2 protein chains.
Amino acid sequence: MDNVTIKDIAKALNLSTSTVSRALRGSYEINAETKRLVMEYAERLNYRPNPIALSLKENRSRAIGVIVPQIANYFFSQAINGIEAIAYNRGYHVIIFQTHESYEREVVNMQQAVSRRVDGLLISLSSETSDVTHLRELQDQGMPVVLFDRVSSELNATQVVADNFKGAFEATEHLIWSGRRRIAHLTIPPFLSITQERLAGYRAALEKHGIPYDENLIRYGTFGPDEVGPMVDDLLALEPRPDAFFTASDRLAAGCLGALQKRNLRIPEDIALIGFTNMNVAELLAPPMSTVVQPAQEIGQVAVERLIELIERKQKAAPPSVIKIPTTLIARESTRTVVK
Amino acid sequence: MDNVTIKDIAKALNLSTSTVSRALRGSYEINAETKRLVMEYAERLNYRPNPIALSLKENRSRAIGVIVPQIANYFFSQAINGIEAIAYNRGYHVIIFQTHESYEREVVNMQQAVSRRVDGLLISLSSETSDVTHLRELQDQGMPVVLFDRVSSELNATQVVADNFKGAFEATEHLIWSGRRRIAHLTIPPFLSITQERLAGYRAALEKHGIPYDENLIRYGTFGPDEVGPMVDDLLALEPRPDAFFTASDRLAAGCLGALQKRNLRIPEDIALIGFTNMNVAELLAPPMSTVVQPAQEIGQVAVERLIELIERKQKAAPPSVIKIPTTLIARESTRTVVK
DNA sequence: AACGTTATCGGGAACGTTGCCGATAGCGCA
DNA sequence: TGCGCTATCGGCAACGTTCCCGATAACGTT
């Protein structure tokens with residue numbers, strides 16, 4: 001009852017494998033009657049071409065490797081959702097790898113993806129990754145690579161990101177407009193390009209409104225467990241105390257909110273809070289949290305579209321570029337203007 | 001600079017492919033010196049065996065197919081997280097398929113997974129799936145299959161689920177203990193086994209406490225968009241009005257919370273709310289939401305462990321069984337006892 | 001001296017598919 | 001009659017790997 005091969009059909013019908021193969025792909029040089037015979041028999045036996053044999057022959061797998069730090073993360077699961085949907089429609093499968101924020105694991109995953117002969121690679125860098133030579137080598141070997149979200153400017157590859165500068169600029173300006181002037185920024189590791197872009201947006205907004213930039217207000221998380229509490233305490237101890245927190249991720253935003261609640265600080269009266277996030281329950285939090293929404297699914301879709309383009313038109317590929325997907329600011333209770 | 005094969009090594013070293021192959025796997029019948037030569041050369045050229053060729057030869061792919069309704073969902077992304085982690089350690093890769101709650105898509109995905117020659121299949125049924133003959137046929141063909149979460153009792157396969165009965169029982173009893181007696185249950189489609197189990201737990205708790213079961217209090221969602229609002233309105237119009245909502249999923253719980261807030265109903269004063277969920281921000285909601293926590297990651301881990309066991313010891317496999325992973329009730333503000 | 005044993009290696013088939021090159025037969029045409 | 005053309009099909013190699021079967025030489029044993 002096992003897998004039917006072209007050979008089985010050939011034997012049963014007293015034909016050669018070549019004939020069967022060509023009949024199945026509707027070649028013009030096969031007699032219509034023979035074609036019908038083969039087709040019917042194949043249908044009856046539920047013949048499915050063996051993609052492994054095809055991969056071996058054509059040296060391609062019709063699979064796309066996706067390397068992300070973590071699947072169980074609002075942003076990445078939404079992005080993968082977008083990726084899978086498009087890939088499916090284009091006849092590609094998606095193989096998932098998690099780095100768990102480990103550089104070493106990222107390299108291993110990359111090698112495994114390569115040895116699996118994926119046709120292309122979609123990657124969002126781990127927070128430990130500061131050196132991208134492994135990816136550069138991969139590119140040099142001709143592997144189509146597209147980065148998304150956690151990208152690196154040191155790589156000459158197509159990159160798809162949210163418009164982090166603009167998003168951060170708007171978030172910061174929104175806080176300023178709502179009366180805050182001492183705005184802390186809790187963010188992710190500094191060598192990630194998205195961190196730098198957001199920081200730049202933050203600084204630009206401060207500058208525009210004549211607020212001096214204070215390095216002490218910036219804190220870099222490391223994705224470690226339970227690190228948000230101490231960071232928050234540290235910031236609250238500053239003189240004068242910050243009157244707003246702008247966080248760079250879901251995890252930091254939620255962590256901040258929890259930490260502030262535990263310390264009995266009122267939001268937005270004592271401290272305003274806005275996050276860079278994809279949480280769809282932001283509105284249901286206490287208080288409803290203002291957010292800069294990253295279009296995670298769209299980022300995934302655009303990234304995989306570009307990748308497939310690279311795969312299928314390898315020669316005359318569009319030159320590498322950075323594609324920015326606009327973010328949306330949603331103001332809620334957590335950044336309400338408070339009259340003192 | 002492309003992929004080195006065993007043939008390249010053989011040619012360069014003036015050996016046969018057989019010798020190289022055996023040298024690389026450390027066969028005893030190869031001269032130590034030759035072995036060293038081959039190993040060193042392979043190392044230098046960064047030789048990696050082609051897994052596609054291996055797959056073709058061994059008729060296995062070292063890949064596991066995972067079919068879920070949606071990746072961008074707290075439960076499933078956590079489950080996939082657990083799956084990937086274990087699979088990675090056991091040398092398997094994970095290929096993701098989404099059904100988007102479509103039966104048709106589920107069948108197609110299954111066929112694709114088969115034709116990709118996955119070594120085994122992990123599946124959580126779509127909400128449209130009432131007929132499981134496609135899976136039964138798959139099993140009959142000898143494909144190892146493990147179901148998780150959305151399982152079907154009509155299939156003689158290993159199934160890994162949360163202890164839905166006990167979880168629902170505890171949730172309901174918790175509501176009763178906190179003084180509620182008219183408890184509505186918003187749940188998912190009725191032909192899913194988890195729905196039935198939860199409903200049974202709910203009824204058992206009611207019965208234990210002498211509360212009559214009222215069919216009108218049960219509402220079945222269909223995963224459609226914006227369906228929660230009308231369901232809530234409908235329930236609120238009942239006489240007497242329910243004093244508690246027990247929801248069966250993240251989406252329903254969050255939807256309920258939002259709908260109740262919009263209708264200016266106080267939680268827990270007017271209505272208590274408890275969810276079956278995996279949201280890690282439940283504590284940060286307004287009010288902090290009581291939940292029955294499903295161990296999503298553990299469910300994924302156990303499921304993939306069983307699957308790999310099935311794959312690797314196909315003959316003397318453990319008989320199919322239903323594995324229940326315990327849930328945890330976390331009581332928060334949303335179900336606080338209210339003194340009237 | 002004849003034979004068996006051991007150590008070491010090569011040849012070739014096989015996994016399933018495709019595609020290049022032929023092979024054959026029928027037919028039209030000069 | 002002989003040539004070329006077309007329609008239709010088969011043989012074979014190739015993709016990268018493993019493994020069964022031999023092959024060879026050196027050596028020990030009777």
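In what follows, chains are A, B, ... by sequence order, proteins preceding strands, each numbered from 1. Keep in mind that what you see is a predicted model, and the values were worked out from it rather than measured.
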Using atom [atom1] of [X] as one end and atom [atom2] of [N] as the other, report the distance to the nearest whole Å.
{"X": "B:Asn50", "N": "D:dG16", "atom1": "CG", "atom2": "P", "result": "7 Å"}
{"X": "A:Leu54", "N": "C:dC15", "atom1": "CG", "atom2": "P", "result": "16 Å"}
{"X": "B:Lys57", "N": "D:dA14", "atom1": "NZ", "atom2": "C1'", "result": "15 Å"}
{"X": "A:Ile6", "N": "C:dG19", "atom1": "CD1", "atom2": "C1'", "result": "12 Å"}
{"X": "B:Asn59", "N": "C:dG16", "atom1": "CG", "atom2": "C1'", "result": "10 Å"}
{"X": "B:Tyr28", "N": "D:dC19", "atom1": "OH", "atom2": "P", "result": "12 Å"}
{"X": "B:Glu58", "N": "C:dA13", "atom1": "CD", "atom2": "C1'", "result": "16 Å"}
{"X": "B:Ile9", "N": "D:dT18", "atom1": "CD1", "atom2": "P", "result": "11 Å"}

Ion pair B:Glu40/B:Arg44, N-O distance below 4.0 Å: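 Judged by the 4.0 Å cut-off on N to carboxylate O distance, B:Glu40 and B:Arg44 do not form a salt bridge.
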In plain terms, say whether B:Glu312 and B:Arg90 are close enough for a salt bridge, that is, a side-chain N and a carboxylate O under 4.0 Å apart. yes
Presence of [X] side-chain N/O under 4.0 Å of [N] phosphate oxygens OP1/OP2:
{"X": "B:Ser18", "N": "C:dG11", "answer": "no"}
{"X": "A:Arg22", "N": "C:dG19", "answer": "no"}
{"X": "A:Asn31", "N": "D:dT8", "answer": "yes"}
{"X": "A:Lys7", "N": "C:dC15", "answer": "yes"}
{"X": "B:Thr34", "N": "C:dC9", "answer": "yes"}
{"X": "B:Tyr47", "N": "D:dT17", "answer": "yes"}
{"X": "B:Ser16", "N": "C:dC9", "answer": "no"}

Counting the atoms with a prime plus P, OP1 and OP2 as sugar-phosphate, which does [X] contact under 4.0 Å by heavy atoms, base, sugar-phosphate, or nothing?
{"X": "A:Leu15", "value": "sugar-phosphate"}
{"X": "A:Asp8", "value": "nothing"}
{"X": "A:Ile30", "value": "sugar-phosphate"}

For the side chain of A:Thr19, starting at C-beta, report the closest nucleotide among D:dG10, D:dT17, D:dT18.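 Nearest to the side chain of A:Thr19 among the choices is D:dG10.
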I want to verify a distance call: between C:dT17, D:dT17, C:dG16, whose nearest atom is closest to the A:Pro49 side chain? C:dT17
Starting from the 5' end of DNA chain D, give me the residue, A:Thr17 or A:Lys35, whose nearest nucleotide shows up first.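 The residue whose closest nucleotide sits nearer the 5' end is A:Lys35.
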Check whether any side-chain heavy atom of B:Phe223 lies under 4.5 Å from a side-chain heavy atom of B:Glu128, and answer yes or no.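 Counting from C-beta outward, B:Phe223 and B:Glu128 never come under 4.5 Å.
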Of A:Glu29 and A:Ser21, the one whose closest DNA chain C nucleotide lies more 5': A:Ser21
Could you check whether any side-chain N or O of B:Arg150 sits under 3.5 Å from a backbone N or O of B:Leu125, counting only pairs where one atom can act as donor and the other as acceptor?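 Indeed, once roles are kept as given, a pair shorter than 3.5 Å links the two residues.
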When A:Gln297 is tested against each of A:Val302, A:Asn81, A:Ile83 for side chain to side chain contact (heavy atoms under 4.5 Å, CB included), which residue passes?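 When A:Val302, A:Asn81, A:Ile83 are each tested with A:Gln297, the side chain to side chain contact (heavy atoms under 4.5 Å, CB included) holds only for A:Asn81.
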Does a donor on one side chain sit under 3.5 Å from an acceptor on the other, for A:His93 and A:Glu84?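 Absent: no donor and acceptor within the cut-off.
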